[in-house]
Amino acid sequence: MIKQAIIPLAGLGTRLLPLTSIFPKELLPINGVPGIEYIIDECIEAGIKEIIFIISKKKNLIKKYFYQDKIYKDFLAKKKNPRVNNHYKKILKNRKMIKFVYQNKPLGTGDAVLKAYKFIKDKYFLMLLPDDLIFKENCSKAMIKIHKKFNSSVMASMSVDKDSVSRWGIYKFKKKLSKTDYLISDVVEKPNKKNAPSNKAVIGRYILPKSIFSKLLALKPGKSGEIHITDAIRLLINQNEKFIAHNFSGKYLDCGTMSGYIKSNLEISKL
Ligand code: UTP
């Protein structure tokens with residue numbers, strides 16, 4: 001069973017400046033809802049019981065968002081407002097399952113995940129990158145099903161334009177397991193077009209084995225001086241850990257760039 005999820009939230013969000021100069025990008029509204037709430041909903045629906053948020057001192061507003069009881073209580077004492085009341089109830093319920101862990105220097109997604117090391121109990125856990133929203137299919141739920149079937153690690157994937165491979169982790173597969181699932185033989189973080197092993201990209205949903213922590217500990221900083229989760233995954237694949245790519249059928253929205261963020265608002269309002 002996959003019961004725990006790690007969500008790295010400690011990055012600087014520079015691509016969304018000026019919106020992120022003081023405000024964490026994960027709290028920015030997407031169609032009237034802070035983006036992080038879509039991710040929490042996805043986790044809960046997929047059966048996750050504990051979520052570990054990796055935040056930083058600079059992004060303490062994320063923690064505060066879940067602990068504003070006085071504001072809600074004062075307002076609800078004066079006014080009966082079902083919308084706000086329901087939302088407050090949801091926050092009270094959700095915060096019980098969230099643990100806050102700190103990464104005060106943004107040294108990469110791999111380094112962020114490493115901060116949760118001592119809290120992970122089972123052999124596998126889920127990891128979600130909150131910039132990547134997927135609608136119309138609960139991608140985490142579908143991946144947990146695949147994990148159960150193959151007893152393997154799983155990553156979400158989609159085909160991308162050949163000219164954009166340098167933005168993603170790109171994988172090579174050795175076997176097609178079904179219409180949507182591939183057995184991975186290698187993965188490279190942000191390759192240039194010439195060296196890319198394919199145009200199949202890894203998207204921000206991962207089911208990872210606990211053994212990834214020892215690989216992360218041993219890694220030296222890679223591209224742009226950061227510890228990338230992809231580099232640790234590559235080491236595990238080289239040691240024959242089974243990784244399956246799941247080509248999800250849902251609608252993917254990239255909320256980490258300004259154009260993607262604006263587009264996401266419009267797209268979600270149409271769903
Ligand atoms: P990104 O690299 O896409 O986001 O990380 P970023 O660094 O926040 O934004 P830009 O590139 O400056 O615009 C993907 C996710 O991993 C988290 C980020 O918060 C984001 O949710 N992250 C990234 C960390 O938690 N720690 C890091 O050191 C880096």
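The shown structure was predicted, so the numbers you read here are calculated from the model rather than taken from an experiment. Counting starts at 1 for both ligands and their atoms, in listed order.
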Task: 4.5 Å side-chain heavy-atom contact, Lys200 and Lys172 - done: no

TODO: Please report which non-hydrogen protein atom sits nearest to atom 28 (O) of ligand 1, along with the residue it belongs to and the distance in Å to one decimal place.
DONE: Gly108 N, 2.7 Å

Task: atom 25 (O) of ligand 1: nearest protein contact (heavy atom, Å) - done: Ala10 N, 2.8 Å

Open item on the list: So if I count the atoms of ligand 1 from 1 in the order they appear, which ones are less than 4.0 Å from some heavy atom of Pro130?
Closed with: 21 (O)

- [ ] Mark yes or no for whether Asn138, through its side chain, and Glu42, through its backbone, hold a donor-acceptor pair below 3.5 Å.
- [x] yes

TODO: Considering only NZ, NE, NH1 and NH2 on the basic side and carboxylate oxygens on the acidic side, decide whether Asp122 and Lys210 come within less than 4.0 Å.
DONE: no

TODO: May I ask whether Lys25 has any heavy atom positioned less than 4.0 angstrom from an atom of ligand 1?
DONE: yes

Task: Counterpart residues, side chain to side chain contact (heavy atoms under 4.5 Å, CB included), relative to Ser152 (two or more places apart) - done: Phe150, Val154, Lys242, Ile244

Open item on the list: Do Asn247 and Ser157 pair up side chain to side chain, a donor and an acceptor below 3.5 Å, judged on atom types alone?
Closed with: yes

Task: Hydrophobic cluster identity match, Leu9 and Leu107, side-chain contacts under 4.5 Å - done: no

- [ ] Heavy-atom contacts with Pro106 under 4.0 Å: which atoms of ligand 1 show up? List them by number with element.
- [x] 28 (O)

Open item on the list: So for Asp111, does at least one of its heavy atoms come nearer than 4.0 angstrom to any atom of ligand 1?
Closed with: no

Task: Shortest protein heavy-atom distance from atom 20 (C) of ligand 1, along with the residue and atom involved - done: Pro8 O, 3.8 Å

Task: Region of Lys105 engaging ligand 1 - heavy atom pairs below 4.0 Å - done: neither

- [ ] Report, in ascending order of atom number, the atoms of ligand 1 lying under 4.0 Å from any heavy atom of Thr14.
- [x] 9 (O), 10 (P), 12 (O), 13 (O)

Task: NZ/NE/NH1/NH2 to OD/OE distance under 4.0 Å, Arg205 and Asp132 - done: no

Task: Sidechain-backbone polar pair: Glu137 side chain, Ser249 backbone, donor-acceptor under 3.5 Å - done: yes

Open item on the list: Show the atoms of ligand 1 that are less than 4.0 angstrom away from any heavy atom in Ala112.
Closed with: 24 (C), 25 (O), 26 (N)

Task: Gln103 neighbourhood, listing ligand 1 atoms whose heavy-atom distance to it stays under 4.0 Å - done: 24 (C), 25 (O), 26 (N), 27 (C), 28 (O)

- [ ] Among all protein heavy atoms, pick out the one at the shortest distance from atom 2 (O) of ligand 1; state its residue, atom name and that distance to 0.1 Å.
- [x] Arg15 NH2, 4.4 Å

- [ ] Heavy-atom contacts with Glu26 under 4.0 Å: which atoms of ligand 1 show up? List them by number with element.
- [x] 19 (O), 21 (O)

Task: Protein contact to atom 5 (O) of ligand 1 [nearest heavy atom, distance to 0.1 Å] - done: Thr109 CG2, 4.2 Å

Open item on the list: Students should be able to answer this: which protein heavy-atom is nearest to atom 19 (O) of ligand 1, and at what distance?
Closed with: Gly11 N, 2.8 Å

TODO: Using distance alone, decide if ligand 1 has a nitrogen or oxygen within less than 3.5 Å of any nitrogen or oxygen in Leu107.
DONE: yes

Task: Contact check, side chains of Lys174 and Ile184, non-hydrogen atoms, under 4.5 Å - done: no

- [ ] Mind checking side chain to side chain contact (heavy atoms under 4.5 Å, CB included) for Leu92 and listing every partner two or more places apart, or none if nothing turns up?
- [x] Asp69, Tyr88, Arg95

